[in-house]
Protein chains: 2
Amino acid sequence: MRSLDTTFWQVPKASVKNLNKHAALDLIRFSPSGISRIELSRELGLTRAAVTAIVGDLIKAGLVRETNGQSSRGRRAIALEINPQGGLVVGVDIGATHVTFVLADYLAHVIDEIEASLDIFEGPQVCLPFVDQMMRSWLEQLGVKLSQITAIGVGVPGPIVTDAGMVSGPPIMPGWDLFPIREWLEKAWGCPVTLGNDAEFGALGEWAFGAGRGVDNLVYIKVGTGIGAGLLIEGQIYRGTTGCAGEIGHVTIEEDGPLCTCGNRGCLEALAGGRAIAQKAIRAIKAGTRTTLSERPSIETISAMDVIAAARKGDHLSQKLVQEAGYYLGTALANLINLFNPTRIVIGGGVAQVGDLLLEPVRKVAKQRSLKVASQAVTITSAVLGRRSSAMGAVAQAISLSLHQLAEAS
Amino acid sequence: MRSLDTTFWQVPKASVKNLNKHAALDLIRFSPSGISRIELSRELGLTRAAVTAIVGDLIKAGLVRETNGQSSRGRRAIALEINPQGGLVVGVDIGATHVTFVLADYLAHVIDEIEASLDIFEGPQVCLPFVDQMMRSWLEQLGVKLSQITAIGVGVPGPIVTDAGMVSGPPIMPGWDLFPIREWLEKAWGCPVTLGNDAEFGALGEWAFGAGRGVDNLVYIKVGTGIGAGLLIEGQIYRGTTGCAGEIGHVTIEEDGPLCTCGNRGCLEALAGGRAIAQKAIRAIKAGTRTTLSERPSIETISAMDVIAAARKGDHLSQKLVQEAGYYLGTALANLINLFNPTRIVIGGGVAQVGDLLLEPVRKVAKQRSLKVASQAVTITSAVLGRRSSAMGAVAQAISLSLHQLAEAS
DNA sequence: CGCGATTGTTAAGTTACTTGACATTCTTTC
DNA sequence: GAAAGAATGTCAAGTAACTTAACAATCGCG
């Protein structure tokens, strides 16, 4: 009398017909050292014969190839991996102040990457042509033609309306509201574009290739100019009803705290974001605090990254500011842990590059202020992919798009 | 060039073989006024012929029956509904101070219900035999034999380890930690038991039959002695890694607030839970505040329900306390809205029975302190099923278990 | 070398579907 | 009131994705 304890069966969104083919493809993709047909059959719950047929299709379509397998007691298993020669993809991470491009093959091996400054406040009519031009000149330089690119993932720092391929009501992207970003880019580049939130893509990147590989319930926190979170439930991005799930940056921490860009008071972002850290430093210097930061020519232009650099070199004020940010972040994460009960929290973004100086107070406060059952289950680590998390998530999504489209056709 | 924008295909947990049969069954279950074969074929993406075969199986197995359909231009469609004569189920809601039993058929029509007092602090060795005895005498009184019950859903106020059928580290259930609740009950009753969290089941109940019918992303808040939340994503309960997702009661609201039963300070539960409301009332009366509550014989035994009742009759102190609770709850919900971006929040539990007196401040604060994109998407309402939300969720889960087990066998 | 162990393949049968024709039953129209 | 049109439901034949069961390939080991 074994209880099932399932809830409700779902009507699958895609065709049920090739479900196992797609599932096999993903198992092959996310097995770093290859996977054999028999392992596939175990994971999928199919017979070896069925897997032979499915893999045969995938190989014939040029999506998968055989490599050297592991030895065991009996016949040596043949390892399967994605065929990297199938095509190329690009991941683009558009941040508030920077844009990052990553060119990769279907195995997610990075071929090249570049970064450039960009001001997202200038709006889509300025930024998108700029991104388009950068892409073209960069690819030309590498000797790669746009027609070789089979899909492009683009991350932006705002809530995504997936079906429409645009952002809606973004707190830090004035002028982008409801602009048809995906349509514009697909027209410019002539290939499928998948639009995503930068924190979501960060989560996806770390889940696929980084600090949260294969983890069930993953949260990625991007601490940059602002603060955002990406939620991943069993490898699926959770966006919520209007695409703004994970907006942890605008969670209230101090009821009467400093004013935030969103209009409220005491938001996490206004207390622990990069902009807040920089402004706190400037204010402290003006108030006469001793710090190595005051040696800089212009005090007004001190950025969060300057504070981070100084903290690393042992500057007391900077270290104090970073730890303070960690304290606030830990408080917010404690609430997130109680609500979402994640397996892992990965902290990335520019500010996170200080490492344990930020993470230690985060871990301490998060543990202290959350329920024991929940805090014991979660590990809080820093991002493995560093500044590339989001771009790699965009790459993962682009590869996903390409592979599954090809698998459907075959 | 239509972009897919899916993420990753999942390996389905149950057998893929009968997936459409199960999906059809659920579509029939959750269509209040029946559904025709042709509507099923549209929803499932199958042909009419295939649906004929599937429905034929379900009818032959006695799970589904035909009723009168709607007229249209052409041939009258035959409406399908679950066959209520297939069997009976029971939903049990074990709360901190009460236990509720609901007997229902497969159409979730309530046949009878009873409620009794119970002190969960007495532990499983006392409570479970008591629940067992109550079930037996109640069923005997109704002339129903235990063997007629095909499944029983049981809700308890603690984090669930689904596979094991027990609770782990429950904040308000000392002595129950890791006790094999499901095993004990299955042995006692001789039928499959599905164990769930009371807030989860509340969410399920309101999603299936109440204020959140069919809603994509639903949050149910149970404001009773404590405060808990149940999260439903597309009809699926989200439990998190260790089953304690939605523990909103222990989210920090005031850093140096009153001590909570969980050991932390300033938890939502310690500020807005039923216990907190009652204690605040007692303290105010002792301090000399004028209130109708002081007419009661014993001040120390004033409960949250007394305060609720007084507030409804216009008592000023009681109304103030309820509104205060609403204010705190609204703050917590604002954070939940930013993180989870739900479509609907349903507020239930004993304290919620005051209605708008609590809901108005909740709505106001929640809207004010959350992002516009998120707050515009969500509606906050009170539970339709009232005190029965959780028990009806347990019924829904029990029916689910029975139907899908029978469908698998047929 | 031969043997068991393990992996992969092949051919025949099964199942859940689709396709396309047909039957049924309603409303509308002449 | 019969015919036409429209929608729903069913049937029979074919197909794709599986399973079953036998067999082939390849390894380590005595």
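Note: NE2 (A/His22) to C1' (D/dA17) measures 14 Å, nearest angstrom. Atom CZ of A/Arg76 and atom C1' of D/dA25 are 13 Å apart (whole Å). Separating the CZ atom of A/Arg73 from the P atom of C/dT7 is a distance of 11 Å, rounded to the nearest angstrom. Counting to the nearest Å, the P atom of D/dT8 and the CG atom of B/Leu80 are 13 Å from each other. What separates CD1 of A/Ile38 from C1' of C/dG8 is a distance of 8 Å, to the nearest Å. Atom P of nucleotide C/dC17 and atom CG of B/Asn18 are separated by 8 Å, given to the nearest angstrom. Remark: C1' of C/dT7 and CZ of A/Arg42 are 10 Å apart, rounded to the nearest angstrom. In this entry the distance linking CD of A/Glu39 with P of C/dT6 reads 14 Å, nearest Å.
The aromatic rings of A/Trp207 and A/Phe30 stand perpendicular to each other, their planes meeting at an angle above 60°, with 30° marking the opposite boundary.
Listed nucleotides: C/dT7, C/dT6, C/dT10. Nearest to the side chain of A/Thr52: C/dT10. The listed nucleotides are C/dT18, D/dA25, D/dT19; the one nearest the side chain of A/Arg75 is D/dA25. Picking from C/dA16, C/dT7, C/dA11 the nucleotide with the shortest atom distance to the side chain of A/Arg48 gives C/dT7. Side-chain atoms of A/Ala49 lie closest to C/dA11 of the nucleotides C/dA16, C/dA11, D/dG9. The side chain of B/Leu46 approaches C/dT18 more closely than any other nucleotide in the set C/dT7, D/dG9, C/dT18.
No donor-acceptor pair closer than 3.5 Å links the side chain of B/Asn18 to the backbone N or O of B/Lys21. Put simply, the side chain of B/Glu206 gets close to the backbone of B/Ala211: a donor and an acceptor are under 3.5 Å apart.
B/Arg37 comes within 4.0 angstrom of the backbone, heavy atoms only, and of no base.
Here B/Arg37 contributes atom CZ and B/Leu46 contributes atom CG; the two are 14.0 Å apart, rounded to the nearest 0.5 Å.
For A/Ser36 and C/dT7, the shortest distance from a side-chain N or O to OP1 or OP2 is not below 4.0 Å. Listed pair A/Asn20 / D/dA17 fails the phosphate criterion, with no side-chain N or O lying under 4.0 Å from OP1 or OP2.
Along DNA chain D, the nucleotide closest to A/Asp57 and the one closest to B/Glu66 are compared, and the more 5′ of them pairs with B/Glu66.
A/Asn341 places none of its side-chain heavy atoms less than 4.5 Å from the side chain of A/Asn217.
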